[in-house]
Structures are given as C-alpha cells and as structure tokens.
Amino acid sequence: MSSINVIVFLPLLAAIVAGLGNKKLGLIPSKVITTGALFFSCALSWPIFLSFLGGHAEASVTPVLHWVKSGDLDFLWALRVDTLTAIMLVVITTVSFLVHLYSWGYMSEEPDQPRFFAYLSLFTFAMLMLVTADNLVQMFFGWEGVGLASYLLIGFWFRKPSANAAAMKAFVVNRVGDLGFMMGIFATFLVFHTVSIPQILHDAPAVLSGSTIGFLGYRLDTATVICILLFIGAMGKSAQLGLHTWLPDAMEGPTPVSALIHAATMVTAGVFMVCRLSPLFELSPTATSFVTFIGAMTCFFAATIGTTQTDIKRVIAYSTCSQLGYMFFAAGVGAYGAAMFHLFTHAFFKALLFLGAGSVIHAMHHEQDMRYYGGLRKKIPLTFFAMMAGTLAITGVGAFEIGFAGFFSKDAIIEAAWAKGTELGHFAFFMGVFAALLTSFYSWRLVYLTFFGKPRWEQSEHIQHAVHDAHGHDDHGHDHAHAHGHDHHHHDEHSDGTAGYHPHESPLVMLVPLVVLSLGAIFAGWVFAHAFISEGTGEFWKGALVYSEHLIHAAHHVPTWVKWSPFAVMVTGFLIATYAYVVNPAFPAAFVNQFGFLYRFLLNKWYFDELYHFIFVRPALWLGRVFWKVGDIGIIDRFGPNGAAWLVAQGSRGAVKLQSGYLYSYALVMLVGLVGAISWVIAQ
Amino acid sequence: MTGFPILSLMLLVPLVGAGLVLKANREQARLIALIATLIDFVLGVVLWMHFDVGGAQWQFQERAALFSGFEWKLGIDGIALLLIALTVFLMPICIGASWNSIEKRAGEYYAAFLLMETLMIGVFTAQDLFLFYIMFEAGLIPMYLIIGIWGGADRIYASYKFFLYTLLGSVLMLIAMFWMVNVAGTSDIPTLMAYNFPVHAQTWLWLAFFASFAVKMPMWPVHTWLPDAHVQAPTAGSVILAGVLLKMGGYGFIRFSLPMFPEASAQFAPLVWGLSMAAVVITSLIALVQQDIKKLIAYSSVAHMAIVTIGLFAFNTQGLEGSMLIMLSHGLVAGALFLGVGVIYDRLHTREITRYGGLAINMPYYALFMLLFTMASIGLPGTSGFVGEFLSLMGVYAESSWVALVCTTGIILGAAYMLYLYRRVIFGDQKNADAAAMLDLDKREWAMMVPLAAVVLWMGVYPESFLAPMRKDIAALEARVAPAKPKGDAQLKLGVAQPVGAAAHEEAAHGEAH
C-alpha cells in the first residue's frame, strides 16, 4: 500500500470513527483521532512534495477500485500524484492539520466537538480525492464532497437561522456551477469517449483543433464549449463574479472552517481544475479570454466591496474572493505556474489571516464587528504579530527579490498579465494593479481598526454581555460563549472605552498554528519562487500543467514602471489607510457623506443578493405556487379525475343501489371482469 | 438450479403467507408476514447468486399451460432480476415499518401486502403478455385497499383518484395487447420483443402502452394521483409505492415500448423529452413550496422519474443503464425517505413541516440517516443517486444538449427543495415541546435504516455489482433500438476543414484553424 492511500483514506477513517462514535467516544479521543490522522497525512505529504521539488519523482496513478463501466464509459477510483497534486497535498494536509489543532482551543467550549472534527476530517478526505483525481468524475466526486462538508460546517451551529440559510445558499449556488461542470463532462465524453484526464489532454490537440459541435442549437468551437462549461463549475466553487454570493455568507461557519475551506483549500479547487486541464484551455483562446476577464473582474469587484465591510471575517472573505480572481486571470493569460504559486502562498497567509481573526474574535468574546475593536495591539500581541505577517504578505510587501510571500506570487501574476501583450492582458494588468491598491487599503484598514487607536469595545453587545456575565450571578451558559474576564474587579471605570473588559491572548494550541503559518507567510514566497515561477521550471512541473517558457521570460522583462506599479500602489494604499484611520480618523465619515451613493453601493455588495432574490428566488417560489394551485389543482385535477368523477356521479345516480360501498367488491369485480374479458378474447 | 421452479416458489411463498395471515391476530400476522418476506428475500439472494451474468438472456424459465389459452410462463433477464431484488429487499422493511403502527384489521393489512409482493414479482417475471397484464393491473388492487382502508383522513378521494388514473391507461393497453396477439400470433413476450410490427401500427400501439406506463411512472401531467396517494397511504404503503410500483412504468418502457416499437419510440422521443423536461422543472418548483413532508417527497419522485424517462429515450447504453440505476436507487432512497417520515409521524402524528424543527438535537442518528438519504436523493457522488442520474443525463446529452441542460437544472432545484426540507425539519431550533421530546431511533428502526443506508452507499461506490447483471440485456436492447435512433444534435465535426457557417462564430476557432 503506497503512502498516498494512507494520506487520502486516513482522514476518512478518522471522520467515520469520530462521527459515528460522537459523544460516546468522548471529546478527547475524537479530537486525538482526527488531528492525529491529519498529522500523519501531513507528515507523509511533505516527502512527496519535496521529492517533486528535488526533481526525482515521477507522476504515478494508484488504482483503488473499479467505479463505473457503462458502454464505452469506464472509470476507476484512482489516486494520481504528480507535481500539481503534490503541491495541493501539502497545502491541504498542512493547513488542515493546523486548523484541527487550532480548533482544540477555538472550539473548546463547544459541546458538539466530535461532530465538528469529524466534518473537518471528512472535508479533508473529499478535498484530497479532488486533487488526486485521475478522471473528471472523481474530480466531481471530490468537488461535491467538499461541497457537502462545506454545507455541514457552515451550518455547524444549526440552531442559528442565519447559519442554516448560509449553508443552504452555499450548496445551491455551488450546484449552479456544478450544472456547468456536469454539462462539461458530458460534452467531453461525447467528444473524447473517455473521462480520463490524461487521455483527454493527450487527445485534445488532435481532436479539437478546428472542430465544431452543436450546442443548444448553435454550432460552436468544441474546445470553447467544453472549457467554458467546465469553467462555470470552477466559478461556482471558487466564488467568481456572479456565483460569488455564497462565500461572504459562508462566514457564518466557525472561523477555523473559514480558514481551511473558504480560504486555503476548497475555494481554490476551481483554480486547480483550470491548471489541471490547462492543455485543454490552451486550445480555446475564447475560453482563456473568458477566464481572464472573469478573474480580472472578480479581483477588482471583490476588492471594492472589501473596503467598506465592517465584519472582520467578511473583509477577509471578500479579500479571498479577490485573490482568487488574481489566480484565475493568471491562468487565463497562460501563467499557470504563477496561478498555482499564488494558490500556494495564499493558502498560508490567508489561513493565517483567518485564524488570526479567529484569535481576535476569541479574545473579543465573539464580537466580529471591527467598529467595536481598537487598541488590541498590546492586549493580544502575538495575534497582532501574526496578523501583521499576514497583512505584509497579502499586500505584497517586498522589493528587489526579497519580500513576503504575496510579493512574489502577486507580482508574478501582474507582470505576466502585462507580458501577455494582448488588450485583455493589459486590462487584467490594470484591474490587478487597482485591486492591489484596494487590497493594501482594506488590509491596513483592518489592522488599524482592530489593533490601533482607542478601544471602542463598550458599544459591543457581546462585550457588554461578557462583562455582565463575569459579574453576573450565575453563568447560565449560553451557547458558544466563552466566558472571559472573570478575574476582573474594577468595572466602574468605563471612560476608556473598554467597558471594563480584558481581552486575553489565545491558548497555546491556537498560537502554534499562527506561528507556523506566519513562517509560511514570511518565507513561502522567497523559498519556493524559484521552483514555481522562474525560467526553466519545466522540469519541476513535468507536464502537469502548461508551462510557457516564453511567457515567463517576457514577464521577467516587462518595462520598469510595470514592475514597480504593484509596489507603488501597495505603498499608496498603506498611506491612504494610515491617513484615514490614524492621522485623520474623521476622514472616512466625511468621505461617506460626500460619496454616499458609492458607499452604499459597495456596502450592499453591488446589490447582488437583492438582485438574485428578485430574479431567481421569488419567481421560483411564485412559480411553484402557481404550478401547484393553478396547474395541478386548478386545471389537471379539475378537468381530469375530479371532472370524470363528476360525470360519473351524474350518470350513475340510478346505479347507486348496486353499490355496496365496500372496496373489496370493487376490487373483486374488477379482477373477475378482467380475467373474463381476456379469456373470452383468447377462447374465440 | 436448472429445473427448480424458484420463480414460482417466490410467487407462492407470499401468497401462502397472505392466506395464513388473513385470519390471524395482529401479533401472529406481522410475524408470519415478516417470515414470509424474509424467506422471499433469501430466495431472491439465491436467485441472484445462481443468475448467470453474461449467460443466456432468459434464465430460470418455467412454463405450464393453463385454462383457455392462458399460459403460466415465467423467466427473467438481468433487468427483471434487479427489480425483483429491489422488491424482495424492500418488503421485509415494509413489514417492519408497519410493526407497531397498524392496529385495525392487521391480518387483512398484511395479507394485502403479501399479495402485492406476489403480484409485483409476477410483473417482473411474467413472460406471457396477458399474465403480465393481469399481474400489472391486479397489483393495483392491494395498493388501492391499503390506501383506502388504512390510509389517512382523505383516503377515499386518494384511492379513487389513483384508481381512475390507472384504469384509463390500462384499458387502452389491453386493447393494444389484443391487437398485437392477433397480428403476431403469440403472447410470448421474448418473441414479441423481436417481432417487427408495421411502423404505422407501432404509433398507435406505442400510444396505448404509453397511456398506461406514463400514468404509472408517473409523468407530467398525469402525475396528480401520486401526491395524494402518498400523503394518504400508511408509511409502508408509501415505501412500496415509491419503491416498486412506480418502477413498473419504467419496466414497461424497457420491456415493451422500446424493444417492441422501436420506430415509434424514436418518433415519440421528443414528446417524452418535452414531458420530462416539464416534469423536472415544474414538479421541482412545486416541491419547493410544499408544507407537507410526504407531498414534497412525492413531487420529488415525479421529478426523479422524469430523469428515468429521458434516460430511456436517449437510446444509448449510458442512458438505459442510468435509468435502471435511478429506478433502483430511487426505490431505495425514496423508500428510505418515506420510512424516515414514518418514523417521526409515528411519534407526532403529523406530516406538517412546521411542526418539526431541531430534530438534530434530540434525534442525532435519525438526522444522520436522513442526511445520507437526502444527499442520495439530490445525487451526491458516492451515493446511489449520483451514478444513475449522471449516466442518464450523459446519455441524453448525446441526443440533445437542450434536454440535458433543462433536466440537469434538476440538480439545482433538487438541492434547493431537499435542503430546504432538511433545514426546516432537522436543523433550526426546537420549536415545539412535543417534537423536542421525541426519542431517537429504536432498534427496530435501526434495523430498517441500516440495510438501506448500506445499499445506498454500495451502489454509489461500486455500482458494478448492479450494472453487471443487466449489461448484456441493455446491450441487446440498445442494438434493437439503434437503427431507429434519432441523430443527436451535437454532430461533432472534427478536423481542419472549417464549415462555412461556423466561421463567423468564434475568432478562436478561426485562429486555430489557420
């Protein structure tokens, strides 16, 4: 049994044991089993990655079980390992292990912990199945499996109506994307007579060049149809413009979940898919243009919304959405290596930001609104340093080949977009640069609102609750509340804005993951940039994705102003944020007064939710009622069975006496009549 | 096994059981019924084990002349085998579901169930046209009684509606059968399956059979009996109705319409597609606004059965095998969902969605099983629901991308109404004290849920066990319909020569070509 089997199936086993054992198993055993399983998976994944990094590993496929054979459709459960998978393996298992560990502290007051840890491990299994898929259907299995885990984890606090709504929304919106994915698989099978990914990629150039296909009554380029359908799936899972509405709502889930699923791993599945199928996408310039456009639009649009949100997790969620946009337009312009590199670095610094935010929320008694933070720098210093590392990484601080993780990957993407040389490439470049400005702004805004300035805690209901509870009479444990500040005795001094509340630094199990991820956010770019994105890395990728030496060369020789523009906007964003939130704190309010319309437009997230509610949700319910009350009852039943009944009743008034009213006699008469009729006909 | 009349024995066991329970008291009756159905289940397992996969098309054949031209002619192929297996698997579970909930006239109740089992197995084993017809129609009678006597408050209306709908179809089918026997000179089903009826006659024959099968299936717009029947039927009645009786329509299409009238089937394929597309969208939307749990699942059944019909009328291997798998999967999953409704109905005596809520708190294992079956219902890969749905839709894509697109929206709408149901019943906070006080599954309920869950996962992870027995029969059927099969709309054009019409569409393709 090769190690990949252990890596993939150990989390599943742990999930089953912890999930079914649940409370009978006990809190500690279930946590030890799941976290231990992930530790092993993680420990086995790194050697695989390092051997690919060292260039002495070959792609392999480990068959597990036959799955479906129907006519010439035939596919297995199989585990594929190549460079692309190896990268995803370390990202998934590392972040997942750290999130498991972190949850020991973050979820410590939660009575339902076995269920939580079982879901986390189940998610990890599904994600691993996705990235090790050797055929499109297994990828779809993982795709939907992570969707299920995401649904369960967003709705983990299932008593909360908002959590339930968010969970359902995530699943259903993802299903819209899955519709595209499924149609894409159908079209692929129709064209290639196989769903095996290597086979498809091998045959694609010969089969697809110049080929056309009928689709919905139109005759279109085959590669374009297939790629765009599959990409719609990617848009759903990776929350791209139009299908992004579920991601911010998904923040209803516990924060470790947001770090694992909605930042580091699941939402990057779409990027992974495009990279995995890059030889296919390269055959359709229309599809790659579409990918570029959607990616560029998303990175810009999500960043604009991120600037106005006040919920700390939502800011990071929109930031994730925006960063995913970068990855997609990188893939769209052909810089698949840069897309994967950003996926890799982003996993570390975004998981770090989420877990850091979780630590802040933990310290602030489940308050998530940044308007009620402030001045936390000295209270929770380790969390502050971790968040700083994350912020420096996401804003891409660095110059002259030295910098934080995001500096290497984001700059590589922006340069590649310019180097592509097409108009759309330039469009993506400008969008990317502008989004980088906004990224820098909202990231520093988050830091200033949270860690700097004076405490504004007293306005928070959560904090008041905590203070009240601490001095209150009995701790009638309301759910999920962490009681802090028990040791506090002087609560009459409220003028400092603290309401007498004392935030505490998180426990060690939460700080260790923060430290590890901080190291990732600081060094991941510098250490791995050479392998992922420098010239001559074809031997690292070994054909796992399309690697264009030419594009990388061009990206390294873009004009100086192109090279420096991300740096310039990063500094500009920092300066604006510093001015608005440190130097002149009255500025944001003045801005809002001046540009109220723009502010409301951004605050309300471009009104996507309202729009969708108006054009999809309400009509669906209305149509359902009409089809039911008018269609089924008013027309079909009325003129069908009820009408017939009425006719019979009118015509059979005289026959009433014959009817005994017993169902038996009807049945018997019916059967006897039937047999009699047939006998009569045959006997003739 | 050759020569041993195992099929007759499988018909006989429940029949004898029915006779025994008729006058027995409640405790005896349910025990006898359970034993009889378990014996039949064991026989079913023996049957499957001795079925020669890839061997002769018709196996375990028996024949004996009866009065006035009737012939007792039995035999099965892989398709029938699977449906028989489904029947004998579900029957003991139905008896279990009735264990405590049936109090009045229990003897007669179990007799009706056992009789129905005989008739259902009879439908799938009959090789004589009229034997099939009698089984097919008589199978309704026990169901009619079960709804009419042991049903809910509005049972008379529901059973009446059920009866009226199915009667209409069956009369037309009977007339068509007479004509066929006259022309072909035999009532032997295997012979008829290879008989080439004149094309113009096929049209009428197809329509006559369609009238019956469409109602049974049920297809939109002749589906309105199903929600009422389900709502009024006792739990076990719903399980067997959704589990097996609906499959008779699909079986009819596979056994009669497609092989006997291939040209007419191809000719009417657009009609079937149209009705199926309408069913997927319309009944899914209706399911979205239901307040009654059983009605919601009943409407979802109509939507799922529509995917069966488009798979059948895709005329290719994936479509046909997918349809068979959906039928099996839906039998298990819809059965399990109705069983789940029965579990809480037994405790609270209401099917009103709003009366429940927060069941995950007091019934965690129940919540887990329902999650599995809900996910199977919406076709999550790894469960039985996915494989069939995926194959069916893939099959029909080769025929028409429009049909595939519209029917695939079923995965979105299906997720919406099922998760909405799950959210209101299982999730949320506890709203009513009596619902909050309900106990989790007891041993009897575990014993019913576990086998269903196991098979649902088995079929999702390793469907080969279920695909292998029917592979050869489906291939034969595909070969039979292939000559008439309509040309798909994809019309893939390979290669360098760019068609004139396409040049305008894509600069992309243009670039590639030069």
Closer than 3.5 angstrom, by distance alone: can the side chain of Thr188(A) be matched with the main-chain N or O of Gly184(A) as a donor-acceptor pair? yes
Applying side-chain contact (heavy atoms from CB on, under 4.5 Å), run through Tyr422(B) and Tyr417(B) and close with a yes or a no. CA-CA 9 Å; Tyr422(B) 196 79; Tyr417(B) 62 71; over 6 Å; no
Please classify the contact between Ala165(A) and chain B as side chain, backbone, both or neither, with a heavy-atom cut-off of under 4.5 Å. both
With a 4.5 angstrom heavy-atom cut-off, is it the side chain or the backbone of Leu152(A) that approaches chain B, or both, or neither? side chain
Among the listed options Asp632(A), Ile213(A), Val172(A), Leu148(A), the residue most often paired with chain B at heavy-atom distances under 4.5 Å: Asp632(A)
Give, as side chain, backbone, both or neither, the part of Leu65(A) having an atom under 4.5 angstrom from any heavy atom of chain B. side chain
One option among Glu478(B), Gln430(B), His223(B) has the most heavy-atom pairs under 4.5 Å with chain A, and it is His223(B)
Leu467(B) portion near chain A, given a 4.5 angstrom heavy-atom threshold: side chain
Side chain, backbone, both or neither: which part of Trp220(B) has a heavy atom under 4.5 Å from chain A? side chain
With a 3.5 Å distance limit and no angle check, can you tell me whether Asp112(A) reaches the backbone of Arg115(A) through a side-chain donor-acceptor pair? no
Could you check whether Phe130(B) and Phe178(B) have their ring centres less than 6.0 Å apart? yes
Give, as side chain, backbone, both or neither, the part of Ile378(B) having an atom under 4.5 angstrom from any heavy atom of chain A. both
Within-4.5 Å side-chain heavy-atom neighbours: Gln318(B) and Phe186(A): no
Any idea which of Thr317(B), Leu368(B), Val289(B), Val387(B) has the most non-hydrogen atom pairs under 4.5 angstrom with chain A? Val289(B)
Heavy-atom cut-off 4.5 Å, strictly under: side chain, backbone, both or neither for Met177(B) against chain A? neither
Ser70(A) (side chain) donor-acceptor with Leu73(A) (main chain) under 3.5 angstrom: no
Listed partners of Asp178(A) passing salt bridge (Lys or Arg N to Asp or Glu O under 4.0 Å), at least two apart: none
Tell me which of these, Val461(B), Val181(B), Val281(B), Leu391(B), has more heavy-atom pairs under 4.5 Å with chain A than the rest. Val461(B)
Against chain B, label Ile633(A) side chain, backbone, both or neither, depending on which of its atoms sit under 4.5 Å from a heavy atom there. neither
Among Gly414(B), Ala475(B), Ala360(B), Pro364(B), which has the most heavy-atom pairs under 4.5 Å with chain A? Ala360(B)
Is the side chain of Ser211(A) donor-acceptor paired with the backbone N or O of Thr222(A) at a distance under 3.5 Å, no angle test? no
Does any heavy atom of chain B fall under 4.5 Å from the side chain of Trp143(A), the backbone, both, or neither of them? neither
Max heavy-atom pairs within cutoff under 4.5 Å with chain B, candidates Val225(A), Ile185(A), Asn164(A), goes to Asn164(A)
Just wondering, more than 12 heavy atoms not from Tyr420(B) lying within 6.0 Å of its OH? no
What I want to find out is whether Glu144(A) reaches Arg175(A) closely enough, with some N-O distance under 4.0 Å, to be called a salt bridge. yes
If you count every heavy atom of other residues, nucleotides or ligands that lies below 6.0 Å from Trp179(B) atom CH2, does the total exceed 12? yes
Does Glu252(A) come within less than 4.0 Å of Lys160(A), counting only side-chain N to carboxylate O? yes
For Phe390(B), is it the side chain, the backbone, both, or neither that has a heavy atom closer than 4.5 Å to a heavy atom of chain A? both
Just by modelled atom types, is the Glu389(B) backbone N or O under 3.5 Å from a matching donor or acceptor in the Ser392(B) side chain? no
With chain B, which of Asn22(A), Asp72(A), Leu190(A) has the greatest number of heavy-atom pairs at distances under 4.5 Å? Leu190(A)
Engaged part of Tyr365(B) at the chain A interface, taking heavy atoms whose separation is under 4.5 Å: side chain
Judged by atom type as modelled, is there a donor-acceptor pair below 3.5 Å linking the side chain of Arg423(B) to the main-chain atoms of Gly357(B)? no
Sort Ala187(A) into side chain, backbone, both or neither according to what part of it lies under 4.5 angstrom from a heavy atom of chain B. both
Under a 4.5 Å heavy-atom cutoff, which of Leu393(B), Ile426(B), Leu288(B), Thr409(B) has the most pairs with chain A? Leu393(B)
Residue Glu321(B) versus chain A: region with a heavy atom under 4.5 Å: side chain
Okay, Leu320(B) and chain A: the region with an atom under 4.5 Å from a heavy atom over there is neither
Toward chain B, the part of Val626(A) with a non-hydrogen atom under 4.5 Å: neither
Which of the residues Val191(A), Val173(A), Thr288(A), Asn174(A) is involved in the greatest number of heavy-atom pairs with chain B at under 4.5 angstrom? Val191(A)
